[in-house]
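In what follows, a structure is listed as structure tokens, so that the remarks can point back to it.
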2 protein chains.
Amino acid sequence: MCAMSRKGQQTKEKILTTARDLVMQKGFAGTSIDDILKGGPYSKGQFFHHFGSKADLATELVKWHAGRDIEMFRTTLAQAETRSDDPLAQMMLFLKMFERYISNENEPSLGCMYAVYTYESMQFDPSIRDFVADTLRDWTAIYVRKFQEILECYEPARPVTARQLAEMIVSIIEGALVLQRAYGNVTMTARQSAHFRDYLELLFGTDGKTNSGEEKRLGTAA
Amino acid sequence: MCAMSRKGQQTKEKILTTARDLVMQKGFAGTSIDDILKGGPYSKGQFFHHFGSKADLATELVKWHAGRDIEMFRTTLAQAETRSDDPLAQMMLFLKMFERYISNENEPSLGCMYAVYTYESMQFDPSIRDFVADTLRDWTAIYVRKFQEILECYEPARPVTARQLAEMIVSIIEGALVLQRAYGNVTMTARQSAHFRDYLELLFGTDGKTNSGEEKRLGTAA
DNA sequence: ATCTGAACATACTATTTGGTCTGTTATGGG
DNA sequence: CCCATAACAGACCAAATAGTATGTTCAGAT
């Protein structure tokens with residue numbers, strides 16, 4: 001009756017974990033099903049019981065990853081939001097938390113799975129490509145909202161939109177992850193994020209700041 | 001006597017071009033030799049006459065690409081350098097030229113080949129990984145030099161090193177290329193580069209500027 | 001013109017790959 | 001306890017894949 005037993009779900013997750021690690025090392029096309037099986041070890045029957053095909057794995061893998069990824073993103077942001085009422089301070093804190101997390105990355109997950117899929121995109125069907133693009137858009141959208149709040153409170157030293165800033169930090173992180181991986185340097189992404197924080201301070205910093213957080217936001221809302 | 005005839009070189013280049021286009025679409029592991037042959041069409045004998053193996057193609061392809069890539073990079077910078085004596089103006093001009101180039105990208109070369117290799121890195125042998133890392137370092141080093149010149153002439157509004165700025169623009173471009181590809185949006189990279197120029201203006205701009213280009217540079221040299 | 005090696009063509013092969021088929025074992029609801 | 005079905009095991013298969021073997025053509029130096 002039940003669609004899937006405890007044990008089954010557990011096995012499926014283990015296969016997904018193994019697949020993720022291998023895909024992050026060698027790409028999707030570069031990872032054969034046998035590679036994944038050897039990485040378990042799992043049996044062929046096990047794999048094809050849980051996944052209809054390799055293409056099916058591709059879909060389930062990104063969606064599984066994106067679910068966990070976005071959830072952690074939101075959790076971290078929510079955490080930052082409890083520690084301050086000022087959106088700029090929240091953003092700064094969030095970035096610092098991200099930097100701490102990404103530098104501690106012990107496992108072989110150096111890089112971004114969306115980038116892996118993006119750079120092999122033409123072998124996936126359009127629905128996967130769309131999903132990856134949508135996920136990146138979701139990611140950006142969260143930043144956009146926060147920067148909108150910031151722009152409601154602070155006057156930037158130069159004209160800039162929330163979207164521009166959001167896309168910039170996403171670009172910086174994506175790019176830094178490429179370099180981090182290419183160089184085998186675990187601190188690259190954190191450094192780039194820190195530099196972006198520096199830019200934000202210059203843009204919204206004490207000199208350029210015209211309104212304290214609460215004031216303008218309440219003013220706008222009223 | 002000659003190592004390779006005109007015709008041979010020509011064919012090899014055509015194969016490399018086809019291979020590059022396919023690899024940029026589906027990744028390296030996702031591109032089979034038969035795919036490349038069909039993309040020509042070329043014969044199997046032709047391929048294995050020019051390349052010892054698929055791994056050999058991997059090596060020759062990045063090196064061939066990097067040679068052309070870095071050359072264009074230097075040419076564009078040299079062009080920018082002839083139009084102004086001010087290193088900051090040169091950088092701005094260079095970025096603008098890059099933006100024009102990258103937005104016009106008609107072909108299917110959306111993205112960066114080094115990123116493709118980096119995200120499939122574990123299937124290549126270490127010498128290729130090292131080559132890619134070195135090429136990215138070369139790329140960064142050129143920016144570092146230019147930012148050093150800028151920092152000799154201008155006082156930044158916040159403390160910043162040439163290396164930080166160089167790594168930031170490289171990250172931004174790498175990341176923007178990922179987004180550009182994921183979204184199928186040809187203007188993303190140019191917009192990110194433009195935003196970085198904005199940051200540079202804020203950092204070195206009229207308010208923060210303390211020395212005119214020539215002055216301080218000469219002063220430092222003397 | 002000739003002759004040598006580069007350049008190309010193509011049939012063939014061993015292995016890998018994604019995927020199936022058949023059968024066995026474990027699980028949990030009634 | 002029973003039994004339907006989920007979960008697993010592993011032999012098997014056809015297609016794809018990288019690579020070879022063998023031969024032919026062609027360009028260019030002498």
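Every chain is numbered from 1, with letters handed out A, B, ... down the list of sequences.
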K12(B) NZ to dC8(C) P, in whole Å, measures 12 Å
In whole angstroms, the gap separating P of dC8(D) from CZ of F51(A) amounts to 11 Å
L37(B) CG to dA16(D) P, in whole Å, measures 15 Å
Taken in chain and number order and not counting sequence neighbours, the residues that satisfy side chain to side chain contact (heavy atoms under 4.5 Å, CB included) with K44(A) are D34(A), L37(A), F48(A)
With B for base contact, S for sugar-phosphate-only contact and - for none (protein heavy atoms under 4.0 Å), nucleotides 17-25 of chain D reads SBBB-----
Out of dA6(C), dA9(D), dT10(C), minimum distance to the side chain of S43(B) belongs to dT10(C)
Would you tabulate the side-chain donor-acceptor contacts of residues 65-72 of chain B under 3.5 Å, counting partners in other chains and residues two or more places apart, or write 'none'?
residue : atom : partner : partner atom : Å
D69(B)  : OD2  : Y114(B) : OH           : 3.0

From CD of Q10(A) across to P of dA26(C) the rounded distance in Å is 16 Å
Rounded to whole Å, the NE2-P distance (H50(A) to dA9(D)) equals 10 Å
note: K26(A), atom NZ; dT17(C), atom C1'; distance rounded to Å ~ 13 Å
So side chain to side chain donor-acceptor pair (under 3.5 Å) across residues 138-147 of chain A, not counting sequence neighbours, yields E81(A)-K146(A), Q90(A)-K146(A), K146(A)-E149(A)
Rounded to whole Å, NE2 of H49(A) lies from P of dT22(C) at a distance of 18 Å
inquiry  = OP1 or OP2 of dC8(C) versus the side-chain N and O atoms of T11(B): is any pair under 4.0 Å?
reply    = yes
Residue set satisfying side chain to side chain donor-acceptor pair (under 3.5 Å) with Q192(B), at least two apart, ordered chain then number -> none
Contacts of N185(B) meeting side chain to side chain contact (heavy atoms under 4.5 Å, CB included) (sequence neighbours excluded), chain-then-number -> Y183(B), T187(B), M188(B), R191(B)
L57(A) atom CG is separated from dT17(C) atom P, nearest whole Å, by 15 Å
Result for ring pair (Phe, Tyr, Trp, His ring centres under 6.0 Å) between F94(A) and one of F73(A), F147(A), Y101(A), F196(A) points to F73(A)
